[in-house]
K.L.:
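Submitted below is the structure of interest, expressed as structure tokens.
Just so it is clear: chains get the letters A, B, ... in the order the sequence lines come, proteins before strands, and each one is counted from 1.
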Amino acid sequence: MTTIEIEKLNYRRNLKTILKDVSLSLEGDKIIGLLGENGAGKTTLMRLIAGTAKNASGTIAIKDDTEADTKKALVSYSNPLGGFAPNTPISKVVAFYEKVYPDFDQAKYQQLADFLQLDESLKLAALSKGTREKLVISLTLARQTSVYLLDEPFSGIDSMSRKKIINSILKWKPAEAIMIISDHYVSEIATILDEVVIIKDQTVVAHKDADEIREEFGLGIEAYYEGLYEEGVTHDEI
Amino acid sequence: MEFNDKVPIYYQIKTVIYDQIIAGERQPGEKLPAVRQLAVSLTVNVNTVQRALSEMIAEGAIVSKRGKGNFVTEDTQVIETIKTQLITEHLSNLYEQLHRLNIDDQDIINALVTYIERRGNSDDNH
């Protein structure tokens, strides 16, 4: 079973607190929504789990493993492809992934690319926002790992692309893996979530089962999330 | 399909499948699609589908056969019971709403009969 145990995580950058006292325990084969406003710390938390951000105090254990290098092999993190030159064709990006990640499954990538209708010959610069995100999702899911981190895969994407991406997640997420999807607009992914984790004021303020929120409070996920954000204005905002 | 985000998704999945069974769209003994396939076609989580199916298995409407998949029960008695429950549920909602308006039982029956007659006529005209 996949587990992620985060204990007393604190992270500062340039004298600014990004995350404080984050403790979180995730387990099983779930899809978890990581919700919070822009700047709440969602991306930082993902980068810390993925091991691409370092020097935080506290511990993050994936399958009881806390070593940065072995942890990296357990996590597939959606990379915005910022390191590639704009004129790189998709085929070159795929070749790079194959070379760098031993767990990259070429056949699975092909299934995803076919399903999402990606044209291998196109250059990165020529891709629309939606197509670029489809490529990112295909590359991320084509790796065979225990944890998948998708950082705002739906921001600025048309509804048809969004539906296709959601379907590809449901089809190709390995049964035993944990997936964390961050978003600040909840309703588009609410039906596919097992649990939600809400980040506010640099820390985790709620971690709940999605259907429990509906059952206990008679609220939609979005209303519950917004309710938490409205509760008590912090001093920073005054 | 469109889900109501205020109602547990597993419960809505149960309702959809029960409606299909009662309407005869899924026949007794018919095999259900695989869990992941159901999840994709409903755009919901695999675990949520599993929870809905587990409850339906516990209620006897679905039979799980090891290694073969999930099937609609062949026990028509069970299907009849579910149908009765569903009708009762819809009627009790209707009854409570009308009763709250101080409409007496005979008037409710009369109104219902009149409504069904008119509805039948107007549907025939289409």
K.L.:
Heavy atoms only, distances under 4.5 angstrom: which of A/N167, A/D194, A/I31, A/I221 has the most pairs with chain B? Name it, please.
P.N.:
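Option with the greatest count: A/D194.
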K.L.:
Taking the side chain as everything from C-beta on, heavy atoms only, tell me whether A/R214 gets closer than 4.5 Å to B/Y10.
P.N.:
no
K.L.:
Is it the case that more than 12 heavy atoms not belonging to B/D104 sit under 6.0 Å from its CG atom?
P.N.:
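Yes, the 6.0 Å shell around CG holds more than 12 heavy atoms from other groups.
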K.L.:
For A/E7, look at atom CD and say whether over 12 heavy atoms of other residues, nucleotides or ligands are found less than 6.0 Å away.
P.N.:
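Open: at most 12 neighbouring heavy atoms sit under 6.0 Å from CD of A/E7.
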K.L.:
B/N45 side chain to A/K30 main-chain N or O, any donor-acceptor pair under 3.5 Å?
P.N.:
no
K.L.:
Can you find a pair of side-chain heavy atoms, one from B/T43 and one from A/I192, that are under 4.5 Å apart?
P.N.:
yes
K.L.:
So what's closer than 4.5 Å to chain A heavy atoms on B/V40: side chain, backbone, both or neither?
P.N.:
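Contact with chain A: backbone and side chain both.
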K.L.:
Considering non-hydrogen atoms only, spot the tightest contact between A/A190 and B/D5 and give its length.
P.N.:
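Here A/A190 and B/D5 meet closest at CB-OD1, 3.7 Å.
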K.L.:
Hey, is NE2 on A/H207 packed in by over 12 heavy atoms from elsewhere, all under 6.0 Å?
P.N.:
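Check passes, neighbour count above 12.
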K.L.:
If you count heavy-atom pairs under 4.5 Å between each of B/T48, B/V7, B/N4, B/V46 and chain A, which one has the most?
P.N.:
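Ranked by heavy-atom pairs under 4.5 Å with chain A, first place is B/V7.
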K.L.:
Counting neighbours of NZ on B/K83 that are heavy atoms of other residues, nucleotides or ligands and sit closer than 6.0 Å, is the number greater than 12?
P.N.:
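No, because the 6.0 Å sphere around NZ of B/K83 holds 12 heavy atoms or fewer from other groups.
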K.L.:
Heavy-atom distance under 4.5 Å to chain B: side chain of A/A223, backbone, both or neither?
P.N.:
neither
K.L.:
For B/E25, is the CD atom crowded, meaning more than 12 foreign heavy atoms sit under 6.0 Å from it?
P.N.:
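Yes, CD of B/E25 has more than 12 neighbouring heavy atoms, counting only those of other groups under 6.0 Å.
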K.L.:
If you count the non-hydrogen atoms of other residues, nucleotides and ligands that lie under 6.0 Å from OH in B/Y11, is the total more than 12?
P.N.:
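No, OH of B/Y11 has 12 or fewer neighbouring heavy atoms, counting only those of other groups under 6.0 Å.
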K.L.:
Atom NZ in B/K6, atom CD in A/E215: separation rounded to 0.5 Å?
P.N.:
16.0 Å
K.L.:
Go through the atoms of A/L193 and report whether side chain, backbone, both or neither lie under 4.5 Å from a heavy atom of chain B.
P.N.:
backbone
K.L.:
Decide yes or no for B/R51 and A/D211: does some side-chain heavy atom of the first lie under 4.5 Å from some side-chain heavy atom of the second?
P.N.:
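Yes, at least one pair of side-chain atoms sits under 4.5 Å.
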